[in-house]
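Structure first, then comments.
Heads up: numbering here begins at 1 and tracks the sequence.
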Amino acid sequence: MSRALATTTAKASQPVPVGLDPARLPVHVAVIMDGNGRWAKQRNLPRVMGHREGVEALKRTLRLCSDWGIGALTAYAFSTENWSRPGEEVSFLMALFERVLARELQSLEQEQVRIRFLGDLEPLPEGLRRLIADATERTAVNTGIHFNVCTNYGGRAELVRAAQRLARRCVVGELDPAAIDEQQLAAELHTAGECDPDLLIRTSGERRISNFLLWQLAYAEIHITDVLWPDFNQAALLDALLDYQGRQRRFGGVEPC
Ligand code: IPE
Ligand code: IPE
Ligand code: MG
């Protein structure tokens, strides 16, 4: 997708912090929100308390990105592999998603956030699915930041689904296999219509992708911080953005002279 998003949605409502170049902000930031369990463990709390605090970090990050004119924020909330966690933790997370969405929907609407949930939503609890459908519909025409919450999301599952959808179109004669190109494939991903992330942030020091946005991160700049997700704040986001602005993106080309 073109970078039209930058001009249609990104409008800073607050001045960006000194030192940050407002003209060179990433259009799309993706974040692997990791370290909730360790944050809780450090405080002798149950893991789920880390998830609860993680919601506050996500709200902070969304507000800052929106205020500074970043066009899209895509957050990894629950992976296709996270079902393998203890049942109580999974149930807590599903209930938390539902509670938070119900509570925050009105302010998301007022703040012009366009929310979407990316992933296979079928296996999610019925109540959560209904809320997701409602939130998606009610915010669809909003003109502010694109907020994508990856829920039961896996990069491999997303690519398999895209392959199946393309194959089906070929079988019914709607599409010539020889005509399948990168645009056609990208259009079948959950992220269709969104430009690729410019910056990926992973918290808690882990140096892996964990099945996140495998296609879309092809040329993203990667910032890894030891900060645990519940502690992620303005200073940590600023650090990531400054790191990003210090990079030279070449997309396979050479440094211009
Ligand atoms: C990330 O934090 C949140 C989810 C995966 C839902 P973790 O729960 O993975 O926290 P750690 O990695 O165990 O500290
Ligand atoms: C990635 O974190 C998934 C989310 C943040 C939702 P994990 O904690 O599940 O990843 P691994 O297991 O450390 O790779
Ligand atoms: Mg983790």
Side-chain angles (χ1 to χ4, degrees), residues 1-12 16-34 61 64-66 68-76 114 116 118 145-148 150 153-163 165-166 175-203 205-227 232 236-257:
M1 155 82 174
S2 74
R3 299 176 68 83
L5 183 70
T7 49
T8 54
T9 63
K11 267 185 228 90
V16 302
V18 178
L20 206 54
D21 179 352
R24 289 175 48 247
L25 284 170
V27 173
H28 184 172
V29 173
V31 59
I32 301 177
M33 311 183 285
D34 200 12
T61 305
L64 288 166
C65 287
S66 172
W68 294 347
I70 287 169
L73 175 69
T74 299
Y76 205 3
R114 192 207 70 178
R116 288 203 306 184
L118 313 186
I145 191 168
H146 292 181
F147 179 36
N148 304 309
C150 294
Y153 174 89
R156 287 184 171 181
E158 179 185 42
L159 287 165
V160 168
R161 174 180 172 269
R165 288 160 69 104
L166 290 172
L175 182 66
D176 174 2
I180 297 174
D181 58 12
E182 293 185 9
Q183 275 70 34
Q184 298 265 357
L185 198 139
E188 300 295 345
L189 300 175
H190 295 299
T191 48
E194 202 76 89
C195 66
D196 288 341
D198 302 292
L199 169 65
L200 170 71
I201 300 170
R202 182 162 187 155
T203 57
E206 305 296 352
R207 290 158 196 273
R208 53 179 172 263
I209 300 282
S210 300
N211 204 12
F212 192 42
L213 302 175
L214 298 181
W215 171 278
Q216 299 88 338
L217 292 174
Y219 271 102
E221 297 297 326
I222 300 177
H223 174 85
I224 292 172
T225 171
D226 286 334
V227 171
F232 197 80
L237 180 62
L238 180 58
D239 204 32
L241 295 172
L242 288 170
D243 184 15
Y244 171 81
Q245 293 196 334
R247 307 281 179 93
Q248 194 193 52
R249 303 188 77 188
R250 288 192 289 273
F251 299 98
V254 291
E255 199 177 326
C257 27

Check [X] against [Y] and note the closest heavy-atom contact, atom names and distance.
| X | Y | value |
| --- | --- | --- |
| Ala220 | Pro197 | CB-O, 3.5 Å |
| Ile209 | Ile32 | O-CD1, 3.5 Å |
| Asp243 | His223 | OD2-ND1, 2.7 Å |
| His28 | Cys195 | ND1-O, 2.7 Å |
| Ala162 | Leu189 | CB-CD2, 3.9 Å |
| Met33 | Thr203 | C-OG1, 3.8 Å |

Just how far is it from atom [atom1] of [X] to atom [atom2] of [Y], taken to the nearest 0.5 Å?
| X | Y | atom1 | atom2 | answer |
| --- | --- | --- | --- | --- |
| Leu241 | Ile201 | CG | CD1 | 6.0 Å |
| Ile222 | Arg202 | CD1 | CZ | 10.5 Å |
| Asp198 | Tyr244 | CG | OH | 4.0 Å |
| Leu199 | Ile70 | CG | CD1 | 8.0 Å |
| Gln245 | Asp21 | CD | CG | 5.0 Å |
| Arg116 | Glu194 | CZ | CD | 6.0 Å |

Full working for side chain to side chain contact (heavy atoms under 4.5 Å, CB included) between Trp215 and Leu185: CA-CA 10 Å; Trp215 171 278; Leu185 198 139; 3.7 Å; yes
Qualifying salt bridge (Lys or Arg N to Asp or Glu O under 4.0 Å) pairs, either residue in residues 207-220, two or more places apart: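 Residue pairs passing salt bridge (Lys or Arg N to Asp or Glu O under 4.0 Å), neighbours aside: Glu206-Arg208.
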Side chain to side chain contact (heavy atoms under 4.5 Å, CB included) between Leu25 and Leu20, intermediate numbers included: CA-CA 8 Å; Leu25 284 170; Leu20 206 54; 3.9 Å; yes
Parallel, tilted or perpendicular, as decided by the 30° and 60° cut-offs, for the rings of Tyr76 and Phe212: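 Plane angle under 30°, so parallel.
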Side chain to side chain contact (heavy atoms under 4.5 Å, CB included) evaluation trace for Asn148 with Arg114: CA-CA 8 Å; Asn148 304 309; Arg114 192 207 70 178; 3.9 Å; yes
Arg247 atom CZ, neighbour heavy-atom count above 12 within 6.0 Å: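 More than 12 heavy atoms, drawn from other residues, nucleotides or ligands, come within 6.0 Å of this atom.
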Flag if over 12 foreign heavy atoms under 6.0 Å of CD, Gln248: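 It does: Gln248 CD has more than 12 such atoms within range.
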Partners passing side-chain hydrogen bond (donor to acceptor under 3.5 Å, both in side chains) against Arg24 (at least two apart in sequence or in another chain):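 Counting only residues at least two positions away or on another chain, Arg24 forms no side-chain hydrogen bond (donor to acceptor under 3.5 Å, both in side chains).
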Polar side-chain atom of Glu221 near backbone of Arg249 as donor-acceptor pair, under 3.5 Å: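 No, the answer is negative, given that no donor and acceptor are paired below the 3.5 Å cut-off.
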Check: Leu213 main-chain N/O paired with Tyr153 side-chain donor or acceptor under 3.5 Å: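 A pair under 3.5 Å: yes.
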Test side chain to side chain contact (heavy atoms under 4.5 Å, CB included) applied to Thr191 and Thr74, step by step: CA-CA 10 Å; Thr191 48; Thr74 299; 5.6 Å; no
